[in-house]
Amino acid sequence: MPTRGPLAAWNPGLDDTVTLRTAYDAMPGDDSAAIPWYVRLLENPASPVALPGAIDLLGHDCIHILLGRGTLPPDEAFVIGVTMGASGQLGAWQEKLFTLGTRHLYRGGFRFSHTDLEVFRTAVAFARDTGIRPLHTLPWRDLMHRRLGPLRASVGIDPRALVAAYGRERARWPAGAAARRLPRSPSPVTAGDPDASHGHDR
């Protein structure tokens, strides 16, 4: 996503108590038409050459919320890395193709720096190591009523593991704007989830 104005300042944190709908509605809008062709080529599921984990903009935004990441380039790198890594289908050549694309094909605010690519790689490993479910397959429109704490748990996202990973990211890039604002602790999980029977659980 572009990193201008209110969208660049948006940072959802790891609030477990609100619903996905509430968090999504608080995210500044971004027109999907603004996503350039080269991003759609590799990341849109409608593309004939889409890479594993390809997902539409709604799902991508929801994953930002579940991971507590804003929209600065390292945030995008982490979200994409987790999505691809969790797909269970990402091969070494596909990961290499994505890194080449983001360095040499992507333009402007969509292009990844070497730091962004390191964040991407750590995110791929994080998703694999922690057993996150394939996020690109979830029916996000049907999950909007779910509270974030139980929803994270149902897809295998552990806020404590996230906070630990974010601590390592902060230590490695202490001057980075994205790293400095990463969540430092998970919020308390609200007990129960009365709407869980209507969601998509494991």
Side-chain angles (χ1 to χ4, degrees), residues 1-4 7-14 27 30 35-36 38-39 41-44 50-55 57 59-136 152 155-186:
M1 289 182 185
T3 53
R4 302 185 300 271
L7 191 59
W10 176 77
N11 188 36
L14 289 174
M27 184 180 187
D30 187 47
I35 306 300
Y38 41 83
V39 173
L41 182 70
L42 298 182
E43 301 181 41
N44 189 302
L51 293 174
I55 192 169
L57 185 59
H60 177 78
D61 289 348
C62 289
I63 296 170
H64 272 274
I65 292 166
L66 289 191
L67 296 175
R69 302 287 309 216
T71 61
L72 297 177
D75 297 317
E76 292 293 343
F78 194 87
V79 169
I80 295 169
V82 166
T83 308
M84 290 186 174
S87 73
Q89 302 170 335
L90 183 66
W93 73 269
Q94 293 159 320
E95 185 173 340
K96 181 65 174 178
L97 176 61
F98 180 75
T99 61
L100 287 172
T102 56
R103 283 295 295 157
H104 303 291
L105 179 64
Y106 286 21
R107 296 287 182 265
F110 294 93
R111 175 171 286 178
F112 280 7
S113 68
H114 290 295
T115 296
D116 300 332
L117 288 175
E118 285 300 308
V119 173
F120 166 77
R121 293 185 185 100
T122 62
V124 170
F126 176 83
R128 289 170 171 164
D129 293 345
T130 58
I132 297 174
R133 283 183 54 186
L135 301 174
H136 69 293
R152 286 190 181 101
V155 300
I157 295 175
D158 181 353
R160 295 167 299 179
L162 275 179
V163 167
Y166 294 163
R168 293 189 292 271
E169 185 176 334
R170 246 191 329 272
R172 189 169 181 184
W173 296 289
R180 288 199 307 268
R181 68 182 191 180
L182 290 172
R184 294 175 181 270
S185 63

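The structure presented is a predicted model; accordingly, all values stated were derived computationally and were not measured.
- Asn11 places a side-chain N or O within donor-acceptor distance of the main-chain N or O of Arg181, the cut-off being under 3.5 Å.
- Side-chain atoms of Thr71 and Glu76, non-hydrogen and from C-beta on, do get closer than 4.5 Å to each other.
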Could you give me the CA-CA distance, side-chain angles and deciding distance for Phe78 and Leu162, then say whether side chain to side chain contact (heavy atoms under 4.5 Å, CB included) is met? CA-CA 11 Å; Phe78 194 87; Leu162 275 179; 4.1 Å; yes
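- Contact detail for Ala179 and Glu169: the closest heavy-atom pair is CB-O, 4.2 Å.
- Here the CD1-CZ distance, from Ile80 to Arg69, works out to 11.5 Å after rounding to the nearest 0.5 Å.
- Taken to the nearest 0.5 Å, the CD atom of Glu95 stands 7.0 Å off from the CZ atom of Arg121.
- Side-chain N or O atoms of Arg152 include one that pairs as donor or acceptor with a backbone N or O of Leu66 at under 3.5 Å.
- Under the rule for a side chain to side chain contact (heavy atoms under 4.5 Å, CB included), the partners of Arg168 that lie at least two apart in sequence or sit in another chain are Ala164, Ala165.
- Taking each heavy atom of Ala77 and Ala123 in turn, the nearest pair found is O-CB, 4.3 Å.
- In this structure, Arg111 forms no cation-pi arrangement with Tyr38, as its terminal cationic atom is not both closer than 6.0 Å to the ring centre and no more than 45° off the ring axis.
- Closest non-hydrogen pair, Pro73 versus Asp116, comes out as CB-OD2, 3.5 Å.
- Going from atom CG of Leu100 over to atom CZ of Phe112 covers 13.5 Å, rounded to the nearest 0.5 Å.
- Residue Ile65 comes nearest to Pro12 through the heavy atom pair CA-CG, 4.3 Å, listed as atom of the first residue, atom of the second, then distance.
- Inter-residue side-chain proximity for Met84 and Gln94 is flagged as unmet; no heavy-atom pair is nearer than 4.5 Å.
- Expressed to the nearest 0.5 Å, how far NE2 of His60 lies from CG of Asn44 amounts to 11.5 Å.
- Using a 4.5 Å cut-off on side-chain heavy atoms (C-beta onward), Leu7 and Met27 make contact.
- The line from OG1 of Thr102 to CG of Leu97 is 9.5 Å long, rounded to the nearest 0.5 Å.
- When all heavy atoms of Ala127 and Ala86 are compared, the closest pair comes out as CB-N, 3.6 Å.
- Within 6.0 Å of the CZ atom in Arg160, the count of heavy atoms belonging to other residues, nucleotides or ligands does not exceed 12.
- When all heavy atoms of Gly70 and His64 are compared, the closest pair comes out as O-ND1, 2.7 Å.
- A distance of 7.0 Å separates CD1 in Ile55 from CG in Leu135, rounded to the nearest 0.5 Å.
- Note on ring orientation: taking the six-membered ring where Trp is involved, the planes of Phe98 and Tyr106 are perpendicular (angle over 60°, cut-offs 30° and 60°).
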